[in-house]
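Working notes, structure below.
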There are 2 protein chains.
Amino acid sequence: MDNSGLLDFFKALADANRLKIIGLLAQESFTVEQLAAVLKLRPSTISHHLSRLSKVGLVSARAEGYYNLYQLETVMLEKMARRLLSKKTLPAIVADVDLEAYDRKVLADFSTPDGRLKTIPARRKKLMIVLRHIVKDFKPGIRYPEMQVNQILAEYHQDTATLRRELVGFGLLERERGEYWLAEKVGNKG
Amino acid sequence: MDNSGLLDFFKALADANRLKIIGLLAQESFTVEQLAAVLKLRPSTISHHLSRLSKVGLVSARAEGYYNLYQLETVMLEKMARRLLSKKTLPAIVADVDLEAYDRKVLADFSTPDGRLKTIPARRKKLMIVLRHIVKDFKPGIRYPEMQVNQILAEYHQDTATLRRELVGFGLLERERGEYWLAEKVGNKG
DNA sequence: TAATTAATTAGATATTTGCCTAATTAATTC
DNA sequence: GAATTAATTAGGCAAATATCTAATTAATTA
C-alpha cells in the first residue's frame with residue numbers, strides 16, 4: 001500500500017558516506033563534529049547527510065547539553081528490511097503504472113487512423129495483441145457463419161483468411177462445421 | 001566481511017524507474033520494449049537501467065526466440081534484505097574507517113607544535129580526550145608524590161592544579177595521602 | 001539476400017546531488 | 001554581556017547520472 005518511502009529509503013542509503021554514518025551509528029552515538037572528523041568531511045556536509053537520513057527516519061538526534069547526539073533508529077532499518085521481504089511490497093510499487101501502454105502502442109503501430117491494420121504482425125507476441133483487440137467484435141454465445149466472420153474481419157484487413165485462421169490458432173475463436181464462436185476466456189497471454 | 005555490494009545494491013534501487021522495473025518484474029517477465037512502453041521511456045534508457053540492475057544480480061535476461069525476457073532474481077533481493085537484518089552487516093561497513101581521527105583532531109586543536117596545551121578544554125568531551133592523552137605519561141603500578149605529578153603535568157600546561165584535579169575527577173588517576181597512581185582501566189569514554 | 005526489428009552501445013545534454021565556503025542560529029563559557 | 005563553539009542553512013561549483021538521439025549488432029522474416 002504505502003509505497004512512498006521505499007524510494008526515499010534507498011536513496012538515503014545510496015551514498016558511501018551516508019552508509020558509513022549508518023555503520024558508525026550502529027555502534028554508538030556520534031556528534032556532527034565527530035562524524036566530520038572520522039569521515040574527513042565538513043560538518044555542514046555531515047549535517048546535510050544526517051538531515052537526509054533523519055527525513056526517512058533512519059537516524060534521530062538527541063540534545064545532550066551543548067551537543068546533538070545522533071543515533072541510529074534500528075527499528076526503522078529492520079522495518080524496511082522486512083518490507084523488502086514481504087510479497088505485497090513490490091506489486092504496490094507499480095500500482096499506478098499504466099500496464100496497458102504496451103498493448104496500446106502495438107495497436108497504434110499496426111493501425112491506420114481509421115482503425116484498419118496496416119499489416120498483420122509477424123511477431124506472435126504482437127499478433128496476439130492485435131487479435132485480442134479484433135476479437136472484441138464477437139459477442140459471446142453467438143455462432144457466426146464463416147461469411148459473417150469474414151465481414152467482421154474485413155473491417156481490419158483484406159486478408160480475412162489469415163486473420164480467421166490465426167484467431168482459431170491462438171484459441172480466441174472456436175470452429176465447427178463452418179461455424180465460429182467466441183472461445184471461453186483463458187488467462188492466456190501469448 | 002564482504003561489505004562491497006551493499007552500496008551498489010542501494011544505488012541500483014535508488015531510482016524511481018528502476019524501482020518500478022523491479023515492481024513489474026516481480027509479477028511477470030518483460031521485454032525491453034514492453035518496459036519502455038509501460039514506463040514511457042526509450043528502449044535504450046530501459047536497457048541502461050536493466051544493465052545496472054543486472055550488474056548487482058537483481059535481474060537476469062533469458063533469450064526467448066527473438067526477445068530478451070528479463071526476470072527478477074528474487075533470491076538476490078531476499079539475500080540483501082536478510083543482510084540488512086544481520087547484526088554483522090553494519091559494523092562491517094566501517095571496518096576501514098579511521099575512528100581515531102576525532103581524538104587526533106581535538107588533540108591537534110588544543111596543542112602547540114611542541115606538544116603543550118594552548119588552553120585546557122572547557123568541554124568535558126574534549127577535556128577527556130586531552131586528559132587521556134596526558135595520562136599516558138604515568139606508568140601503572142607506580143605511586144607518584146604530588147610534586148612529581150606536577151612536574152609531569154607542567155610539560156603540558158602551567159595550571160597543573162587544574163589538570164591534576166580533573167585527572168582525579170575523571171577517574172584517570174587515583175589519590176591517597178598526597179600520592180597519585182594510575183587508575184585501573186575502565187572502558188569509560190566521557 | 002535484403003529488409004525489418006529488438007536490443008545494446010556510444011555520445012551528448014540536462015538534471016541531480018555531494019561537497020565546499022560563508023553566513024546564521026543557538027547554546028556555553030569567561 | 002562578549003566571545004566562543006556546535007550545528008544548521010544558503011548558495012555555488014563540480015562530479016555523477018538519467019535520459020535522449022544516433023549508430024551498431026544480432027536475429028527474423030519476406
Side-chain angles (χ1 to χ4, degrees), chain A residues 7-8 10-21 29-37 39-55 59-70 102 105-106 109-110 118-127 129 159 162, chain B residues 7-8 10-21 29-37 39-55 59-70 102 105-106 109-110 118-127 129 159 162:
Chain A
L7 176 59
D8 291 329
F10 287 127
K11 284 179 125 173
L13 293 174
D15 174 84
N17 285 318
R18 281 199 293 273
L19 210 50
K20 283 180 189 167
I21 289 176
S29 296
F30 279 83
T31 66
V32 173
E33 209 183 9
Q34 284 178 310
L35 291 170
L39 297 180
K40 291 154 183 28
L41 294 171
R42 299 289 154 190
S44 64
T45 304
I46 299 292
S47 235
H48 165 249
H49 283 320
L50 287 170
S51 149
R52 292 203 59 176
L53 289 171
S54 118
K55 206 164 280 173
V59 310
S60 66
R62 165 170 72 80
E64 167 142 321
Y66 200 173
Y67 296 94
N68 253 359
L69 266 186
Y70 277 89
Y102 180 66
K105 180 181 189 312
V106 170
D109 286 350
F110 282 91
K118 287 191 278 199
T119 67
I120 298 176
R123 294 278 129 67
R124 290 178 58 79
K125 203 182 269 273
K126 299 190 170 179
L127 177 55
I129 289 170
D159 187 355
T162 296
Chain B
L7 176 59
D8 290 331
F10 287 127
K11 283 179 126 174
L13 293 174
D15 174 86
N17 285 318
R18 280 199 294 272
L19 209 50
K20 283 180 190 167
I21 289 176
S29 295
F30 280 84
T31 66
V32 172
E33 210 184 9
Q34 285 177 311
L35 290 171
L39 297 181
K40 292 157 184 26
L41 294 171
R42 299 290 153 192
S44 64
T45 304
I46 298 293
S47 237
H48 166 249
H49 283 319
L50 286 170
S51 148
R52 291 204 59 174
L53 289 171
S54 117
K55 204 162 285 176
V59 310
S60 65
R62 162 170 75 80
E64 167 142 320
Y66 201 175
Y67 296 93
N68 252 358
L69 266 185
Y70 278 89
Y102 179 67
K105 180 181 188 310
V106 170
D109 286 351
F110 281 92
K118 286 190 276 199
T119 68
I120 299 176
R123 294 279 127 68
R124 290 178 57 79
K125 203 183 269 272
K126 300 191 171 179
L127 178 54
I129 290 170
D159 186 356
T162 296

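Naming convention: chains lettered A, B, ... in sequence-line order (proteins, then strands); numbering from 1 in each chain.
In this structure, dT29(D) and dA2(C) make a Watson-Crick or G-U wobble pair, each of the two defining distances being under 3.5 angstrom.
Taking atom CD1 on Ile46(A) and atom P on dT8(D), their separation rounds to 11 Å, with Å as the unit. In this structure, CG of Asn17(B) is placed 10 Å from P of dA18(D), rounded to the nearest angstrom. Rounded to an integer number of Å, the gap from OH of Tyr70(A) to P of dA6(D) is 15 Å. When the C1' atom of dA18(D) is taken as reference, atom CD1 of Ile21(B) falls 12 Å away, rounded to whole Å. Counting to the nearest Å, the C1' atom of dT4(C) and the CD atom of Glu33(B) are 12 Å from each other. The interatomic distance linking Leu69(A) (CG) with dT8(D) (P) rounds to 11 Å, in whole Å. Rounded to whole Å, the distance from CZ on Arg52(B) to C1' on dT8(C) is 17 Å. Protein atom NE2 of His48(B) is 19 Å distant from nucleotide atom C1' of dA6(C), rounded to whole Å.
If you find the closest nucleotide of DNA chain D to Lys126(B) and to Gly65(B), the one lying nearer the 5' end belongs to Lys126(B).
Between dA6(C) and Lys125(A), no contact under 4.0 Å exists linking OP1 or OP2 to a side-chain N or O. Look at Lys40(A) and you won't find any side-chain N or O under 4.0 angstrom from OP1 or OP2 of dC19(C). Within the 4.0 Å cut-off from OP1 or OP2 of dA7(D), not a single side-chain nitrogen or oxygen of Arg42(A) is found. In this model, the phosphate group of dA26(C) is not approached by any side-chain N or O of Tyr67(A) to a distance below 4.0 Å at OP1 or OP2. Contact annotation: Arg18(A) reaches the phosphate of dG18(C) (side-chain N/O to OP1 or OP2, under 4.0 Å). At the phosphate of dA26(C), neither OP1 nor OP2 sits under 4.0 Å from any side-chain N or O atom of Asn68(A). Close to dT8(C), at under 4.0 Å from its OP1 or OP2, lies a side-chain N or O of Ser47(B). At dA27(C), none of the side-chain N or O atoms of Arg123(B) fall inside 4.0 Å of OP1 or OP2 (strictly under the cut-off). The phosphate of dT16(C) (OP1 or OP2) has no side-chain N or O of Lys11(A) nearer than 4.0 angstrom.
Across every non-hydrogen atom of Lys105(B) and Ala37(A), the tightest pair is CD-CB, 4.0 Å.
Taken from NE2 in His49(B) to CG in Leu41(B), the straight-line distance is 6.0 Å, to the nearest 0.5 Å. Atom CG of Asn17(A) and atom NZ of Lys40(A) lie 11.5 Å apart (nearest 0.5 Å). Distance CD1/Ile46(A) to NE2/His48(A): 11.0 Å, rounded to 0.5 Å. Taken to the nearest 0.5 Å, the CG atom of Asp15(A) stands 12.0 Å off from the CZ atom of Phe10(B).
At the heavy-atom level, Thr31(A) lies under 4.0 Å from the strands shown only through sugar-phosphate atoms. Within the 4.0 angstrom heavy-atom criterion, only backbone atoms of the sugar-phosphate kind lie near His49(A); the bases stay farther away.
Taking only distance into account, the side chain of Ser44(A) meets the base of dT21(C) through a donor-acceptor pair shorter than 3.5 Å.
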Checklist line | Step-by-step side-chain contact (heavy atoms from CB on, under 4.5 Å) determination, Lys126(B) to Tyr102(B) | finding: CA-CA 10 Å; Lys126(B) 300 191 171 179; Tyr102(B) 179 67; 3.4 Å; yes
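Of the listed nucleotides (dT19(D), dG18(C), dC20(C)), dC20(C) has the atom at the smallest distance from the side chain of Thr45(A).
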